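Excluded from the calculations below are hydrogen atoms, water molecules and symmetry mates; all remaining heavy atoms, backbone and side chain alike, are included. Position 1 is the first residue of the sequence; numbering continues from there. Not measured: the values here are computed from a predicted model.
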Amino acid sequence: MNIGFFCTGNGSFFKFIYQNRNLLDNVDNILLFSDRECGMMSDFRDYSKAKIFCATDSRKFESLALKWLMANRVDFIFLSCCKILRYKLLEYFGEEDKKMFNCHPSLLPKYIGLRALQRSFESCDEIYGATIHYATKEVDSGEIVARCALRKSDTDFSSFRHRLFVNQAVLYLDFVLKVSLGNDFKGLESFNKSALGFTPSLSLDCKNVKFFNPLDYKLLIKENNE
């Protein structure tokens with residue numbers, strides 16, 4: 001199986017998944033594509049056997065990217081970007097084909113669109129988290145297939161954001177694993193405040209996951225054992 005990641009920034013989730021690719025036995029290649037020369041594109045060029053594509057012409061990007069993805073026999077697309085897809089890519093992988101997924105930093109349907117994490121932090125919510133959903137033409141509105149939920153306990157945005165990143169990165173890696181294993185996904189019901197942690201439950205053994213910082217593993221375990 002070949003999978004593609006669309007990144008437009010520093011690609012932290014992509015880096016996390018790529019450095020844990022040894023846990024994805026059924027994934028043969030992880031490819032990166034973008035519509036801009038972002039930080040992740042520059043970094044990934046130095047990786048061994050990197051497969052990358054970049055087309056900065058916004059009018060031709062989706063059609064050119066689709067040709068490249070098809071030539072490389074990419075089966076699924078995962079989004080880590082701030083661009084809304086509307087045309088060729090979405091028509092081929094998204095909508096009814098259900099081969100394109102987005103991971104959004106809020107408990108949808110709350111905080112659709114930009115600045116979701118900041119808006120969540122500034123809210124009076126007791127719980128926050130991230131959501132994986134099928135990509136559709138309606139922004140952040142596709143059927144929800146996975147989520148992680150945390151108690152809101154930080155008073156500074158940096159700690160708030162970091163705690164979510166650790167959980168969201170594991171959520172995304174685990175979801176890629178489930179996709180590669182051919183799992184079927186049932187749409188999740190509206191979020192219930194009692195459903196903290198990961199839904200569905202993780203398939204990964206987090207002891208085998210390589211974190212950017214060893215302390216992140218302890219943070220994850222503490223978070224999900226409280």
Check the pair His162, Leu219 against side chain to side chain contact (heavy atoms under 4.5 Å, CB included), reporting the backbone distance first and the verdict last.
-> CA-CA 10 Å; His162 180 70; Leu219 178 66; 3.9 Å; yes
Any chance you could lay out the side chain to side chain contact (heavy atoms under 4.5 Å, CB included) test for Lys88 and Lys67, step after step, and finish with the verdict?
-> CA-CA 10 Å; Lys88 297 292 185 181; Lys67 288 180 181 179; over 6 Å; no
Should Ile127 and Leu196 be marked as a side chain to side chain contact (heavy atoms under 4.5 Å, CB included) after you check the CA-CA gap, both sets of side-chain angles, and the distance that decides it?
-> CA-CA 8 Å; Ile127 308 294; Leu196 294 171; 3.5 Å; yes
Residues Val27, Arg21; criterion side chain to side chain contact (heavy atoms under 4.5 Å, CB included); working and verdict = CA-CA 8 Å; Val27 175; Arg21 62 192 181 279; over 6 Å; no
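Across all non-hydrogen atoms, the minimal contact from Leu114 to Arg119 is O-NH1, 2.7 Å. Minimum heavy-atom separation, Cys7 to Cys38: O-SG, 3.9 Å. Among all heavy-atom pairs drawn from Gly39 and Asn10, the shortest one is CA-OD1, 4.0 Å. Here the shortest heavy-atom pairing between Ile144 and His133 reads CA-CB, 4.1 Å. Pairing each heavy atom of Cys103 with each of Ile132, the nearest pair is SG-CG1, 3.7 Å.
Side-chain atoms of Leu31 and Phe53, non-hydrogen and from C-beta on, never get closer than 4.5 Å to each other. No side-chain heavy atom of Asp57 sits under 4.5 Å from any side-chain heavy atom of Leu64. Using a 4.5 Å heavy-atom cutoff, the side chains of Ile3 and Ser180 are not in contact. Here the side chains of Thr136 and Glu95 are in contact, with some heavy-atom distance below 4.5 Å. Annotation: side chain of Leu89 is in contact with side chain of Phe33 (closest heavy-atom distance under 4.5 Å). Considering only heavy atoms from C-beta on, Tyr92 stays 4.5 Å or farther from Asp97 through its side chain. Counting heavy atoms from C-beta outward, Leu220 and Phe211 have side chains that approach closer than 4.5 Å. The shortest distance between side-chain heavy atoms of Phe93 and Leu69 falls below 4.5 Å.
Between the side chain of Gln168 and the backbone N or O of Ala130, no donor-acceptor pair lies under 3.5 Å. Side-chain atoms of Arg161 do not come within 3.5 Å of backbone N or O of Ser158 as any donor-acceptor pair. Not one N or O on the side chain of Arg36 forms a donor-acceptor pair closer than 3.5 Å with the backbone of Met41. A donor-acceptor pair is defined here as one N or O able to donate and one able to accept, closer than 3.5 Å; no such pair exists between the side chain of Asp35 and the backbone of Thr56. Remark: the backbone N or O of Arg147 is not paired with any side-chain donor or acceptor of Thr131 at under 3.5 angstrom. Although no hydrogens or angles enter the test, the distance criterion places a donor-acceptor pair under 3.5 Å between the side chain of Arg163 and the main chain of Arg151. Checked by atom type and distance alone, the side chain of Glu143 never pairs as donor or acceptor with a backbone atom of Tyr134 at under 3.5 Å. In this structure, Lys15 contributes its side chain and Asp43 its backbone to no donor-acceptor pair below 3.5 Å.
Other members of a hydrophobic cluster containing Tyr111 are absent, since no ILVMFWY side chain comes under 4.5 Å of it, directly or through relayed contacts. The other members of the hydrophobic cluster of Leu150, by chain and number, are Leu117, Phe121, Tyr128, Phe157, Phe160, Leu164 (side-chain heavy atoms under 4.5 Å, ILVMFWY only).
In summary, the aromatic rings of Phe61 and Phe6 are positioned with their centroids under 6.0 Å apart. Separation of the Phe185 and Phe175 ring centroids falls under the 6.0 Å cut-off.
Between Phe14 and Phe5, the ring-plane angle classifies as perpendicular under the 30° and 60° cut-offs.
Placement of Leu181 and Leu173 within a single hydrophobic cluster is found when ILVMFWY residues are connected by side-chain heavy-atom separations under 4.5 Å, directly or transitively. In this structure, Leu66 is not a member of the same hydrophobic cluster as Ile52, with clusters built from ILVMFWY side-chain heavy atoms closer than 4.5 Å. There is a path of hydrophobic side-chain contacts, each under 4.5 Å, that joins Phe13 to Val176. Placement of Phe44 and Phe212 within a single hydrophobic cluster is found when ILVMFWY residues are connected by side-chain heavy-atom separations under 4.5 Å, directly or transitively.
Going from atom OG of Ser12 over to atom CD1 of Ile17 covers 11.0 Å, rounded to the nearest 0.5 Å. From Ile30, atom CD1 reaches atom OH of Tyr18 across 6.5 Å, with rounding to the nearest 0.5 Å. A distance of 9.5 Å separates OG of Ser141 from NE2 of His104, quoted to the nearest 0.5 Å. The line from CG of Leu24 to CE of Met1 is 10.0 Å long, rounded to the nearest 0.5 Å. Note that the CG atom of Asp125 and the OG atom of Ser120 stand 5.5 Å from one another [nearest 0.5 Å].
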Determine all donor-acceptor pairs shorter than 3.5 Å in which one atom belongs to a side chain in residues 199-210; sequence neighbours excluded.
| unit_1 | atom_1 | unit_2 | atom_2 | d |
| --- | --- | --- | --- | --- |
| Ser203 | OG | Lys178 | NZ | 3.4 |
| Asp205 | OD1 | Lys207 | N | 3.1 |

Can you give me every donor-acceptor pair (side chain of residues 70-82, partner residue at least two apart or in another chain, under 3.5 Å) with its distance?
| unit_1 | atom_1 | unit_2 | atom_2 | d |
| --- | --- | --- | --- | --- |
| Asn72 | ND2 | Trp68 | O | 2.9 |
| Asp75 | OD2 | Asn2 | N | 2.9 |

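In terms of the side-chain hydrogen bond (donor to acceptor under 3.5 Å, both in side chains) criterion, Glu91 has no residue partners (sequence neighbours excluded). Listed by chain and residue number, Arg45 satisfy the side-chain hydrogen bond (donor to acceptor under 3.5 Å, both in side chains) test with Glu37 (two or more places apart in sequence, or in another chain).
Residue Glu126 places its CD atom among 12 or fewer non-hydrogen atoms of other residues, nucleotides or ligands, all under 6.0 Å distant. With a 6.0 Å radius and a threshold of 12 heavy atoms from other residues, nucleotides or ligands, Lys152 has its NZ atom above the threshold.
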